[in-house]
Amino acid sequence: MEWLAKKVVAALVNRFFGQYLEDINTQEVNDALLSGQINLTNLKIRRDALCFLDVYYGSPLPIEVKKGVIGRISLTIPYSSFFTQPVVINIEDVFILVTPVLEYDAERERDLDRARKRQTLAYLFPDPLPID
């Protein structure tokens, strides 16, 4: 039963954080799951991380992420009492540099449009959790 919970937690970490962050080390997540405490540090925020706002506002926002970093994400997973104790997620030191889009760039617009479509599809049709 414990290995199933670890698979589910690893899939959820990748599913929820993977669309906003670059280069999540899945091996580090899997190794840390054994202790029930996951600490991810110095995570880069993806350039298209704020495209999810377009789903809510209905039109593209004229901003882009130039650079973004999350200092630390800590997850505490109580495996011994998984159904009675909460999973705690702590996010610290979020820094995002956002700039307005001043000129039209067809390639950038195409990339952002694809990212918006992917996020809309992920929002409407979430992937089932992979079970190996």
Quiz prompt | Smallest separation among heavy atoms of Arg47 and Glu22, with atom names | solution =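 Minimum heavy-atom contact is N-OE2, 4.3 Å.
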Self-check item: Shortest non-hydrogen contact between Gly68 and Val65, atoms and distance
Solution: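 Closest heavy-atom pair between Gly68 and Val65: N-CG1, 4.3 Å.
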Quiz item: Under the side chain to side chain contact (heavy atoms under 4.5 Å, CB included) test, which residues partner Thr99, sequence neighbours left out?
Solution: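 In terms of side chain to side chain contact (heavy atoms under 4.5 Å, CB included), with neighbours along the sequence ignored, Thr99 is linked to Glu64, Lys66.
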Any chance you could measure [X], atom [atom1], to [Y], atom [atom2], to the nearest 0.5 Å?
X     : Y     : atom1 : atom2 : answer
Leu43 : Ile91 : CG    : CD1   : 10.0 Å
Ile70 : Tyr20 : CD1   : OH    : 11.0 Å
Leu75 : Gln37 : CG    : CD    : 8.0 Å
Glu92 : Ile73 : CD    : CD1   : 10.0 Å
Thr76 : Gln85 : OG1   : CD    : 11.5 Å
Asn90 : Arg72 : CG    : CZ    : 7.0 Å

Quiz item: Given side chains that start at C-beta, do those of Leu40 and Ile38 come closer than 4.5 Å, heavy atoms only?
Solution: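 A side-chain contact exists here, since the closest heavy-atom pair is under 4.5 Å.
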Quiz item: Do Ile45 and Val69 have side chains that get closer than 4.5 Å, going by heavy atoms?
Solution: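 Counting from C-beta outward, Ile45 and Val69 never come under 4.5 Å.
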